[in-house]
Trainee: 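Below: one structure in structure tokens.
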2 protein chains.
Amino acid sequence: MTLQRESLPKARRGRRPGAGSTRQAVLDAARARFASDGFGATTIRRVAADAGVDVSQVMQFFRSKDELFAAVMSVPASALERFNTAFEGPDEHLGERVVRAYLAAWEGPALDSEPLMAMLRGAIVNDHARAQLRDFIQSRLLHGASGRSGDDAALRAGLASSMLVGIVTSRRIIGVPVLVAADTEKLVATVAPAIQRILVGAPSQTDWVKGAGA
Amino acid sequence: MTLQRESLPKARRGRRPGAGSTRQAVLDAARARFASDGFGATTIRRVAADAGVDVSQVMQFFRSKDELFAAVMSVPASALERFNTAFEGPDEHLGERVVRAYLAAWEGPALDSEPLMAMLRGAIVNDHARAQLRDFIQSRLLHGASGRSGDDAALRAGLASSMLVGIVTSRRIIGVPVLVAADTEKLVATVAPAIQRILVGAPSQTDWVKGAGA
DNA sequence: CGAAAAACTCAACACGCGTTGAGAAACTTG
DNA sequence: CAAGTTTCTCAACGCGTGTTGAGTTTTTCG
């Protein structure tokens, strides 16, 4: 036991990186602020106040406002995986699965949706956010294009992704009344057939959504 | 001629409001800046420099940055009318007409597209722009809902508008490579059937787009 | 304990922003 | 010309921002 670290060249002494509760508090406050106020309107001072921490602490843990934003905005792996599985399944009900995945991702629990909201709100003013959103839409293509019909499968997947992001934006950021008022099932029932048509070219007369009856 | 202004209580003398060339120059510079840089990143100093004018002149003609932005961001009546006619026609080829109207509006000549771009870029950070975009999407409903099928025609029109705005955003602001590379006709051919399905519920096997053959 | 390292506090800097006011210059009338 | 009115110039104010550095406290180790 005594010679456990003996061989290490530099045994670091002193206070170990603490429990990290402060850093986590800053991260939580920043995620909420960036998601609801956007990148430009979010100030480091406000984040620090929300976390009950000095301004300078924020700069010590995350070196700049951009790095703090980058730490917050990363698309959670869990959400990413759900998108992939939605795209990978069989063609039948593909549109419905994809629409549900997008709506769920942006309306689910805060820990999953807030980073996506921050990305969406920051995409216009922050280069990193714009690149991330671009890659997010673009990356759907790789999963959407594999094994799908035409050579334009990538374009189709990108279009579907853009359209669904547009719907989420209108609903959650712009606040278009008709979309805000509509419940999720109604949206799925209406949008799923169109997305299905975008992704797999062929039209059909069967019902696309399980319980979509009027 | 001499008694032309005689009856007026206050005959205003002195220099007449000049040719207004300066005001117009400011307006043009502001429109371009707000469209390409967004509301937050556009500074009055930069607009003044673009127009070759002192900063204080901008504040004299337009009383504040918000009022300058409002003067720039109004949706041009010509574009608005084209949207309405696109929605009003017969159901046949409705999707194609609507898709073409949206794409043309944001990719046409600068004088028409720049205000729309400014509105889109400002919608996240500026309340006025958000309200304008909200009304823009919402107002399509009034024209889209009249005489259309179900009672959810308003929702369908709002969804179609949101989806098309999403495509334009991905293409012109986010810069998704696949969408940037695709030419307009390809986009119309791919998207029109889906929009058609959103607007008029019924599916069909016929080709929606005239020259959309593979 | 005593030293090292991290966590934290406090105060300030430099910068760019929107905005304002005073005054000179240019032009239009009587 | 002279008075009146507008356009333009110049300089500054106040504010909030991201960011920094010095100094203090607290914890962890030898």
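Chain naming here is simple, since letters A, B, ... match the order of the sequence lines and numbering starts at 1 in each. In this text the structure is predicted, and so the values were computed from the model without any measurement.
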Trainee: Look at B/Gln60 and D/dC8 and indicate whether a side-chain polar atom (N or O) is within less than 4.0 Å of OP1 or OP2.
Mentor: no
Trainee: A/Thr42 side chain to A/Gly38 main-chain N or O, any donor-acceptor pair under 3.5 Å?
Mentor: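 Yes, A/Thr42 side chain to A/Gly38 backbone: donor-acceptor pair under 3.5 Å.
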Trainee: Counting heavy atoms from C-beta on, name the nucleotide in D/dT19, C/dC8, D/dC8 closest to the side chain of A/Val55.
Mentor: D/dT19
Trainee: If I take atom CE in residue B/Met59 and atom C1' in nucleotide D/dG14, what distance separates them, rounded to the nearest angstrom?
Mentor: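 Between C1' of D/dG14 and CE of B/Met59: 14 Å.
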Trainee: Would you confirm whether A/Arg31, through its side chain, and A/Val72, through its main-chain N or O, come within 3.5 Å as a donor-acceptor pair?
Mentor: no
Trainee: Which nucleotide in the set C/dC8, D/dT19, D/dC10 lies at the smallest distance from any side-chain heavy atom of A/Gln57?
Mentor: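 The nucleotide sitting nearest to the side chain is C/dC8.
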Trainee: What nucleotide among D/dC8, D/dT19, C/dT19 has an atom nearest to a side-chain atom of B/Lys65?
Mentor: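 Among the listed nucleotides, the one closest to the side chain of B/Lys65 is C/dT19.
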Trainee: Going by heavy atoms closer than 4.0 Å, what residues in residues 38-47 of chain A are next to DNA chain D?
Mentor: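 When residues 38-47 of chain A is checked for heavy atoms under 4.0 Å from DNA chain D, the hits, listed by number, are A/Thr42, A/Thr43, A/Ile44, A/Arg45.
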Trainee: Parallel, tilted or perpendicular: which describes the rings of A/Phe39 and A/Phe34, with under 30° parallel and over 60° perpendicular?
Mentor: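 The arrangement is parallel - the two ring planes meet at less than 30°.
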Trainee: Would you kindly give the CG-to-C1' distance between B/Asp54 and C/dG21, to the nearest whole Å?
Mentor: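 Atom-to-atom, B/Asp54 to C/dG21, this comes out as 13 Å.
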Trainee: Can you name the residues that form a side chain to side chain contact (heavy atoms under 4.5 Å, CB included) with A/Arg130, not counting sequence neighbours?
Mentor: A/Asp127, A/Arg134, B/Ile174
Trainee: OP1 or OP2 of D/dT20 sitting under 4.0 Å from any side-chain N/O of A/Ser56?
Mentor: no
Trainee: Any non-hydrogen side-chain atom of A/Phe62 less than 4.5 Å from a side-chain atom of A/Leu27?
Mentor: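 Yes, side chains in contact.
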Trainee: Could you check if a side-chain atom of B/Val165 sits within less than 4.5 angstrom of a side-chain atom of B/Thr169, using non-hydrogen atoms only?
Mentor: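 Of all side-chain heavy-atom pairs linking B/Thr169 with B/Val165, at least one is under 4.5 Å.
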Trainee: Between P on C/dA6 and CZ on A/Phe61, what's the gap in Å once rounded to a whole number?
Mentor: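 Whole-Å distance recorded here is 11 Å.
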Trainee: Give A/Val53 one of three labels, base, sugar-phosphate or nothing, depending on what nucleic acid heavy atoms sit under 4.0 Å from its own.
Mentor: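 Nothing, no nucleic acid heavy atom in range.
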